[in-house]
Every structure is written in structure tokens, then in C-alpha cells.
Protein chains: 2
Amino acid sequence: MAATLKDVAALAGVSVKTVSNVVNGYAFVKPENRRRVEAALEATGYRPNLSARNLRRGKTGFIALVLPELSIPYFGELAGLVITAARRYDWNVLIEQTQGTRDRERTALTALGPHMIDGAILSPQALAAEDFTGFDRGIPLVMVGEHAVNVPIDHVAIDNVLAARTAVRHLTSLGCRRIAAIGTNPGRGTAALRLEGYRTALREAGMTESPELIVPALEYHRQDGALAMRHLLDLPEPPDAVFCFNDLLAIGALRAAAERGLRVPEDVAIAGFDDAEESAYSIPSLTTIAPDKLAIARTAVDLIHRRVSEDDPFPVQDVQIPFALEIRESTAGRLGLA
Amino acid sequence: MAATLKDVAALAGVSVKTVSNVVNGYAFVKPENRRRVEAALEATGYRPNLSARNLRRGKTGFIALVLPELSIPYFGELAGLVITAARRYDWNVLIEQTQGTRDRERTALTALGPHMIDGAILSPQALAAEDFTGFDRGIPLVMVGEHAVNVPIDHVAIDNVLAARTAVRHLTSLGCRRIAAIGTNPGRGTAALRLEGYRTALREAGMTESPELIVPALEYHRQDGALAMRHLLDLPEPPDAVFCFNDLLAIGALRAAAERGLRVPEDVAIAGFDDAEESAYSIPSLTTIAPDKLAIARTAVDLIHRRVSEDDPFPVQDVQIPFALEIRESTAGRLGLA
DNA sequence: TTGAAAGCGCTAACAC
DNA sequence: GTGTTAGCGCTTTCAA
């Protein structure tokens, strides 16, 4: 069986307190004792029992990461970064998948509590402000991406309006005159923000908005993008550019364009949002908004850590993370010159 | 503060034992008491403290999933399925990323122990048999994919030789005469198996192997595939088909072919392995070996559960999971007919 | 600087 | 059926 503190103490001929002090890096231990404890630690291969430690400390050593689905590239990438960031604080990350349904998001919020986790990072998709009201988990929460407005919860995200505006301005600057948008969705706050950015960019270019060019997407998967794009291409006057609210939609759009024998970007330019790794390798490669995902992950984890460890609470944070417009073949390049 | 069993017991006017019985679904509780306990449970919003429960039970309620990187689509997809499968047993999944380095895989193996997890699912990349010798974790381990031979550890995977052979036979049946392979790698057992399948299929088609058509890949990322493919296309006599040892390599190969202005599959057919979701949407879509990932995840989790819960140990298992050859545009189809 | 001992919340053996 | 209680392994007062 695994060695306990007691075993180590017996072997080293000291009390458990001394062993505990050594294990926890307490400075004032007689060198002689320290040596012996370390030897005993080594000999027994001691590992602290986390359940016991956490029970005693009143902490769990875990944070939760609540997201729609790990198989979605953006979330897979983000999860990997969060896990790495959490290791700085010796936290383990519990991943909860909600498929983006409000019901499961609410459940995750309720079921997870102080008894299981020290804090949670939430990437909600459908959660509304009501779901938070009168709701005290007793543990810090930070929302990433989507932002439930009017709820005093820490939030980390890029400036969605500006990012969308930047992407669409890129399209207008290329000379595109009929720019569509794919991805509006009543349930998603970011969809509204991206739409706003799209509209602003059109206005700035002196273009008027055509309602038929704004296409909703229920989910943000590749097939939804393909579907929406086919719809756009069936229009009497199809678009010469499409701004998709995420990369998966854009990948689907790329495919729909190819099916119709259209060249991208010559016949229709396509831009995405998220900078999934696959977007650099699609054919053509995809112009996209690249959020600093590493910064998102680190900031979210750090924020939880500050809330957990600081005694005097600080104001609710709304942190803006930088992003970049990644220009690739689907709008401006030519295959092979990437 | 969160309510404890004691609080609930006091409120219900019964002992903690009775409350514990109700919480744990013990059948023989007087209906009257059960009702009162349930009311008290509801009123206090009681949630069991897992640290305490696990400490007492000598279990942790966690299993580890050790894999190279969540941002690799195959692993992101697998992780999602494992998490879902683990919920059947009320297990939470701890994900450990190793970047596929032997060092970090070994560390994960050593650092994780009975004090933290009840079992582990391992998707090793570089681990050698030596790393396991004389190594008793005291917790069940199951390897997924790669198999360290000569180590008595449960293993779940598809028949790699047969799968590779099936893919390459598909290429020979299409009339390809000069079939390359991308992905050999001395550190990976599956690479050797897939190479063996490749060779068998060539032999069965009466073709002789050309050493210059077998290209190694250090990593299995998109860029490694592109690199290897460029190398192949620079050959005096380039291949008319390429079998890549995973989909990411194939995606990279697709791109390298496009850069040279080659048509796929007309000029060169390309097949992959893994059936990453993006492979159905690449242009052209990718013919690939599709392992039953859901079965892999479920089988691995079930196996750990059996080892944890059964008292009399059963023999080491080597479970074969079914796979399918997914024929798409990159070998046989034409864009738009998918 | 170190030891003894209490107790975190829970389960289960034992008594009734 | 239900109550009492010992301890799971750890941290942390409190004394020494």
C-alpha cells in the first residue's frame, strides 16, 4: 500500500508534524531532521493523499472547465491550454461537456459546487442572465467568450465587435461589394456582437445591408456552414464574400463553394473566426480572426486563482484579450504562396 | 457554508447513519424517516463532500486520461467520448498532456498513483516496455492505441495491420501502381504495424516495395505531412498514391499536392487514418480508416471499472475494436458527389 | 523546533 | 431499522 505520513515519520524517527513540515516546504526544520525525513520520503515513495489533504484544507484542488464539446477544435485547443495554465497552481481540471444546451449548462452550474471544485471556467453557449440570478455557488466563476450581461461575473474575451469589424473591413478593402454573414443566432451573445461589427464595417464602407445576406446558424458546425452557404449561393444575386462567425462554419462554406465549382477567393472570398489549427491547412487556407487563446486560458485561470486566494474581494473584471486578423488564401492569397 | 450530513441529520431529527443510508440509496429505511430526510436534504441543499467520501472509501472518484495533446483532433474527440463514458460510473476524468514525449509519459505514469486516481487510460506515443518494468502502480491501467509489447497491461485498439492493409488494398484496387507511405517512426509501435499492413497489401497486389516511397514522420502533425509529401513529389518518379499513417499527415499531404497544382485523386490519390471530423470536409474530402472511437472509449472505461470492482482478477485483455474504410473523394470520389 | 492530538465529512462495523 | 462511533490521512493549533 501507499505510504502515509505516519509511515514516513516512523521510518525517520520523527513526528508526523515534522514530516508534514518538510513536505509542505516549511522552512524551520532542523537540517539533520530534514535530511532524515527526505531519505524516508525517498525510501517509501511517499505521495500525499489528496482527498485527505483537501478534506483538511477545505479545498478540492480542482477547477471545472465547462464547455460545449471537446471535439470542437476551438474548445479542444482551449482546454489543452487551460490544463497547462492550471498546473501552475497545482490544479487539476475537470472538464464538463454540455453540447451547448442551456439545460446542461445550468445543471453543470448547479451540480458543481464548493465540495467538488475550487472554481469554474465557463464557456456558455445558451445560458441566459436569469440562470444566474439569486445563485451563489460560493466559488469563483469566470466566463470565457460568451458574456451573460447584467451578471456580476468575471469575463475574459476579445472585443468581438471590433474583431468582426476588422474582418469585414478587410473584405470591403479587397473590393468586395456584396458581403454575406453566416452565424446569427438569437441565443448567442457573441453572435449579436459579431453581427454588430459586420454592420459597422459595412456602414463604414458606405454599403447598405441586404437582409437576405444575413444567414442564421443553429449550431456552429461545419455542416451548418455548408448549409448556409448553399442557401446563399442559390440567391438570385449571390454574395462575393462571406464572413462566417466561426471557422467551422467557414470550412463548411468553403466546401459548399467548391461543390458549386466556385473559386475562392476569386469568385467568392471567405473569412472565419477563431483560428482553429485546421484553418491554416484548408484548401484554400482560411483568413480568420485569431484570438490569443493562450492569453485567454491564462487570464481565466489566474483570475480564479486571485479570487480564491485573496481575502479582500476586488471588483468584477472584464478582461479584453488581443486578437489578430490572420490573412490567408481564402480572401487574399493565392495557393502555394502561403 | 455547505451543509454536512450532520446538519441534515439534526434537521431531520435522525442520526447521520440514516441520512447516509438515504443518500447512498440503502433500501431499508422507514418511509417516514426517508421522507423527513429527503425534505431536510432538499431544504439544506446538501451535497456530499467528495474528499471526505473518497478518503473514507479509499477511492478517489477519478480516472486519468494520459494523451499527447488535446488540440490534436483525434485526441480531442477521444477525450470527449471518454469523459462521457466515465460518467456512467460517476468518474471524473483528469486529463494529462504529454506532448508525446517519453519523459512526460513516464512522469505521468509515476506521479499519478492510487492517492489521486482509481485508474488510468494511457495513449502513449513513445513509451517503451522498459518504462513499465518493476512498476506497480496499484491501480488498473489500460493502453489505448499504442501497445507496449511484453507488458501485461490491458490494451484496446483496432487491428492496425489489417486496417492499413485494407486502406492500401483500396488504393491498389483503384489501379494505383506506385503507392507511397508517410509516417514511419521508430518510436511508435503502431507505425510499425501500419507499415506492415502497407507491405502486405503491396505484396498481395504483386507489387514490389520502393524504399524511397516510404517516408518517416517525426510528429504526426499537418506540417509533417506537407513536408513528407513535398519530398515525395520531388522524387524523379513521384507516387500516384499516398497512404498516410494518420489524417493530419494526409491533410498536410493534400495541401502539398495542391501547392504543386496536382489534382487529387486524379494525379495522386491520398488516404489517411483516424477519421478526424475535419477529414469529411477537407477539399477533397479524405478517404480514411475510421476506428469506432466510441467503442474504444467505452471499452477502455469499462475495463478499468471491471478491474477496480472485481475482486478476483481476470487475465490481461487485448480487445480489438472494429474499424471501417471510409471512402471519400481523395481516392475515389469526385467533388460534389459526396 | 517539534510532538500530541483534534478534527475536516464521510462510511460502515457494531450495538441496540 | 437506526444510533454510536472509529477512523480514512492530512494540517494545524497548542504545548512543550
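Side chains included, hydrogens not; waters and symmetry mates left out as well; all remaining heavy atoms used. The chains referred to below are lettered A, B, ... by the order of the sequence lines, with proteins before strands, and numbering in each begins at 1.
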Nearest atoms (heavy-atom pairs only) where B/R35 meets B/E32: NH2-OE1, 2.8 Å
Got a donor-acceptor contact below 3.5 angstrom from the B/R34 side chain to the B/F28 backbone? no
Tell me whether B/R87 is salt-bridged to A/E96, with the criterion being a basic N under 4.0 Å from an acidic carboxylate O. yes
In terms of side-chain heavy atoms of A/R56, which of C/dG9, C/dA6, C/dT2 is nearest? C/dA6
Please report the distance, rounded to the nearest Å, between CZ in B/F28 and P in D/dG3. 17 Å
Is the distance from OP1 or OP2 of C/dG9 to the nearest side-chain N or O of B/R53 less than 4.0 Å? no
Please state whether the phosphate of D/dC10, meaning OP1 or OP2, lies under 4.0 angstrom from any side-chain nitrogen or oxygen of A/N54. no
Let me know the distance between CG of B/N49 and C1' of D/dC8, rounded to the nearest Å. 13 Å
Rounded to whole Å, how long is the line connecting atom CG of B/D7 with atom C1' of C/dC10? 13 Å
Counting neighbours of CZ on A/R298 that are heavy atoms of other residues, nucleotides or ligands and sit closer than 6.0 Å, is the number greater than 12? no
Any non-hydrogen side-chain atom of A/I63 less than 4.5 Å from a side-chain atom of A/I117? no
Through what angle, rounded to 10 degrees, does the axis of the helix from C/dT1-D/dA16 to C/dC16-D/dG1 turn between its ends, using five pairs per end? 40°
Which nucleotide wins on minimum distance to the side chain of B/N33, given the candidates C/dT1, D/dC10, D/dT2? D/dT2
Grab the CG-C1' distance between A/L5 and D/dC8 for me, whole Å please. 13 Å
Would you jot down, in residue-number order, the residues of residues 11-22 of chain B having a non-hydrogen atom under 4.0 Å from DNA chain D? B/V14, B/S15, B/V16, B/K17, B/T18
Taking only the side-chain nitrogens and oxygens of A/N24, find out if one of them lies under 4.0 Å from OP1 or OP2 of D/dT11. yes
Rounded to the Å, how far apart are B/K59 NZ and D/dC8 C1'? 14 Å
Ring centres under 6.0 angstrom apart (B/Y74, B/Y220): no
Find the distance A/R57:CZ to D/dT12:P and express it as a whole number of Å. 6 Å
Set of side chain to side chain contact (heavy atoms under 4.5 Å, CB included) partners for A/S20, sequence neighbours left out: A/L5, A/N24
Among the nucleotides C/dC10, D/dC10, D/dT2, whichever has the atom closest to the side chain of B/K30 is D/dT2
Of B/V29 and A/K6, whose nearest nucleotide on DNA chain D comes first from the 5' end? B/V29
Checking the side chain of B/Q99 only, and the main-chain atoms of B/E69 only, is there a donor and an acceptor separated by less than 3.5 Å? no
Would B/Y89 and B/D302 count as a side chain to side chain donor-acceptor pair (under 3.5 Å) here? Give the steps. CA-CA 9 Å; B/Y89 303 116; B/D302 287 350; 2.7 Å; yes
